[in-house]
Amino acid sequence: MSDAGLLAGIDVGGSKIAVLVADRDLAMCARATTPTSVDDAEGAVDRIASAVDQALGAAGLSIGDLGAMGIGVPGRVDTETGTVSLAVNLGWHQLPLGELLQQRYRIPVRVENDVRAAAAGLHERRVLGDGADLAYLSVGTGISAGVVLDGKLHRGARGMAGEIGHVVVDRDGPRCPCGLAGCLEAVASGPAVARRADAALDAGVDSSLRDLRPITAVEVYAAAAAGDALALRIAEEAGANLARAVHELVMAYDVPRVVLGGGVALAGRTFLDPILRGLDRLRAESELARDVLPPDVAQILPDGSEAGAWGAVVLARGGLGREVAHP
C-alpha cells in the first residue's frame, strides 16, 4: 500500500482519455488527454498508463507520488473486481482493467461506469450547491445517466441503472451498437447527430455543412448556432428526444433535477434550448408532466466542469488506504 496521497482520476471516453491528478483535498495538480484506441482492449492499459505518465511528467511528478487511482469507463463494470464486462462503444469485453492497472502501479485502483462516477462526483463535490438527489445525463459518443438517490449512487441489480441510451425511442430508427434499432443513443448521441447531417447532405439538402465533411456533432451545433436550417432541424429533433429522456428519468427515479453534460453538451445553449422546448411541449400535453417537470428541472453543467475525470478522482479518494494484493 502506498503512503503517497495524490489521486489519479481517469475518464475513458469514446474519443479521448482524460486524466486529472489531484491531492486529497481535491486541488488539481496536473491534467492530460490522449485519444482513445477503440477495439484495442489489449492496448487499453498501455494507453491509459501513457496518459497518466503524461500528466505526471507535465507537473514534475512521478508514479511514486500516487496513492490511488479511479477510472470511469463507458459500459458495464463489476465494481468489486474492476472488470469491464461490456463496453460496447470501446469494443471491450471481460477486460480485468482494475487488476491490470493495480498490478502495474501497486496502488488501489477502483473502476466504475463513467457516468455513474461523474454523478457521484458531482454530488460529493457539491458542484450544484447542495446535496439533493440528481440524475446526470451525459450526451457524447454514447448516452447514459448516473443517478444519486438518498445521497448514494444507485447502480441497480445488474449495475446498469440509468442506461437510458439503450431505451428504444423509434422502432424504425437506425441500428444501435447494442443490437436494437432506434435506441436514444442511435438518434441523439454525437455520432447520431453527425450521421443525420451526412444522410441529409447525401440526399441533396442544401447546408453550410457541405464544405465541412466529414461532419462532427460539434460542427452541426455550431452551424445551428449560425442559423443553418438543416443543423437547426437536426438539433431540434435531437433535443426533443433528449427531453423525453429527461422526462423518463424524472418519472422513473423522482429526482428533482437532471443535469446535462458530456461532449455534445459543450455546445451550450444551442444544445440545451431544443431540450427545453421539448420539455415545454410535454408540459403542454400533460398535467402530470407539468407537475413533475418544473422550469429548472433540466440544467447544463458549467463549462470546464470535467465531471467524468473529477468523478474518477473522487472514486480514487474512496480507495485510499485499501490493501493491494501482490501476485
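Residues take their numbers from the sequence shown, with the count starting at 1. The model shown is predicted, which means the values in this text are computed figures rather than measured ones.
Judged by distance alone, with hydrogens and angles left aside, the side-chain atoms of Arg290 form a donor-acceptor pair with the main-chain N or O of Arg283 at under 3.5 Å. The main-chain N or O of Gly146 is never found under 3.5 Å from a side-chain atom of Arg116 such that the two would form a donor-acceptor pair. For the pair Arg126 (side chain) and His123 (backbone), a donor-acceptor distance under 3.5 Å is present. The main-chain N or O of Ile143 is found under 3.5 Å from a side-chain atom of Glu185 such that the two form a donor-acceptor pair. Side chain of Arg257 to backbone of Tyr136: no donor-acceptor contact under 3.5 angstrom is found. A donor-acceptor contact shorter than 3.5 Å is absent between the side chain of Asn241 and the backbone of Ala188. Between the side chain of Asp46 and the backbone N or O of Gly43 there is no donor-acceptor pair closer than 3.5 Å.
A distance of 12.0 Å separates CG of Asp280 from CD1 of Ile275, quoted to the nearest 0.5 Å. Between atom CG of residue Asp170 and atom SG of residue Cys176 there is a gap of 12.5 Å, rounded to the nearest 0.5 Å. Within the model, atoms CG of Leu266 and CG of Leu301 stand 9.5 Å from one another, a figure rounded to the nearest 0.5 Å. How far CG of Leu137 is from CG of Leu249: 6.0 Å, rounded to the nearest 0.5 Å. Distance OH/Tyr253 to CG/Leu134: 12.5 Å, rounded to 0.5 Å. Separating the CD1 atom in Ile10 from the CD1 atom in Ile71 is a distance of 5.0 Å, to the nearest 0.5 Å.
Inter-residue side-chain proximity for Leu201 and Leu209 is flagged as met; some heavy-atom pair is nearer than 4.5 Å. Taking 4.5 Å as the limit, every side-chain heavy atom of Leu149 sits out of range of all side-chain heavy atoms of Asp254. Considering only heavy atoms from C-beta on, Leu20 comes within 4.5 Å of Met28 through its side chain. Using a 4.5 Å cut-off on side-chain heavy atoms (C-beta onward), Val19 and Arg31 make no contact. Between Asp133 and Lys152, every side-chain heavy-atom pair lies at or beyond the 4.5 Å cut-off. At a threshold of 4.5 Å between non-hydrogen side-chain atoms, the residues Asp53 and Ile63 count as touching. Here the side chains of Leu288 and Met251 are in contact, with some heavy-atom distance below 4.5 Å. Side chains of Ser189 and Val264 form no contact here, defined as non-hydrogen atoms less than 4.5 Å apart.
Closest approach of Gly165 to Cys183, counting heavy atoms only: O-CB, 3.3 Å. In plain terms, the two heavy atoms of Val77 and Val73 that are nearest each other are CG2-O, 4.3 Å. Considering all non-hydrogen atoms of both residues, Glu112 and Ala117 come closest at CG-N, 3.8 Å. Ser138 and Gly262 get closest at one heavy-atom pair: OG-CA, 3.7 Å. For Val148 against Ala119, the heavy-atom pair with the smallest separation is CG2-O, 3.8 Å. Residues Gln102 and Val109 approach most closely at OE1-N, 3.3 Å, considering heavy atoms.
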Task: Test side chain to side chain contact (heavy atoms under 4.5 Å, CB included) applied to Val314 and Leu26, step by step - done: CA-CA 8 Å; Val314 169; Leu26 304 185; 4.2 Å; yes
- [ ] Please lay out, stage by stage, how Ile17 and Arg47 fare under the test side chain to side chain contact (heavy atoms under 4.5 Å, CB included).
- [x] CA-CA 8 Å; Ile17 297 170; Arg47 180 75 64 167; 3.3 Å; yes
- [ ] Any chance you could lay out the salt bridge (Lys or Arg N to Asp or Glu O under 4.0 Å) test for Arg195 and Asp202, step after step, and finish with the verdict?
- [x] CA-CA 10 Å; Arg195 285 194 299 269; Asp202 287 343; over 6 Å; no
TODO: Verify side chain to side chain contact (heavy atoms under 4.5 Å, CB included) between Val21 and Leu7, making sure each step is shown before the conclusion.
DONE: CA-CA 5 Å; Val21 178; Leu7 312 168; over 6 Å; no
Task: Chi angles and distances behind the side chain to side chain contact (heavy atoms under 4.5 Å, CB included) call for Leu279, Leu282 - done: CA-CA 5 Å; Leu279 291 171; Leu282 292 172; 4.3 Å; yes
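In the hydrophobic cluster analysis, where Ile, Leu, Val, Met, Phe, Trp and Tyr join through side-chain heavy atoms closer than 4.5 angstrom, Ile234 is grouped together with Val205. Cluster annotation: Ile48 and Leu61 are assigned to the same hydrophobic cluster (Ile/Leu/Val/Met/Phe/Trp/Tyr, side-chain heavy-atom contacts under 4.5 Å, transitive). Under the 4.5 Å side-chain contact rule for hydrophobic residues, Val193 and Val167 share a cluster. There is no path of hydrophobic side-chain contacts, each under 4.5 Å, that joins Leu232 to Leu272. One hydrophobic cluster, built from ILVMFWY side chains closer than 4.5 Å, holds both Val147 and Leu293.
Comment: Glu163 does not engage Arg76 in a salt bridge, judged by the lack of any side-chain N to carboxylate O separation of less than 4.0 angstrom. The existence of a salt bridge linking Arg213 and Asp198 is confirmed by a sub-4.0 Å separation between a basic side-chain nitrogen and an acidic carboxylate oxygen. Using a 4.0 Å cut-off between charged nitrogen and carboxylate oxygen, Arg317 and Asp25 do not count as a salt-bridge pair.
Summarising the local packing, CG of Asp78 is surrounded by more than 12 heavy atoms from other residues, nucleotides or ligands at distances under 6.0 Å.
In this structure, a donor-acceptor pair under 3.5 Å is present between the side chains of Thr81 and Thr83.
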Distance-only criterion, 3.5 Å: show the donor-acceptor pairs between side-chain atoms of residues 220-230 and protein atoms not counting sequence neighbours.
unit_1: Asp228; atom_1: OD1; unit_2: Ser207; atom_2: OG; d: 3.0
unit_1: Asp228; atom_1: OD1; unit_2: Leu230; atom_2: N; d: 3.2
unit_1: Asp228; atom_1: OD1; unit_2: Ala231; atom_2: N; d: 2.9
unit_1: Asp228; atom_1: OD2; unit_2: Ser207; atom_2: OG; d: 3.0
unit_1: Asp228; atom_1: OD2; unit_2: Ser208; atom_2: N; d: 2.8
unit_1: Asp228; atom_1: OD2; unit_2: Ser208; atom_2: OG; d: 2.9

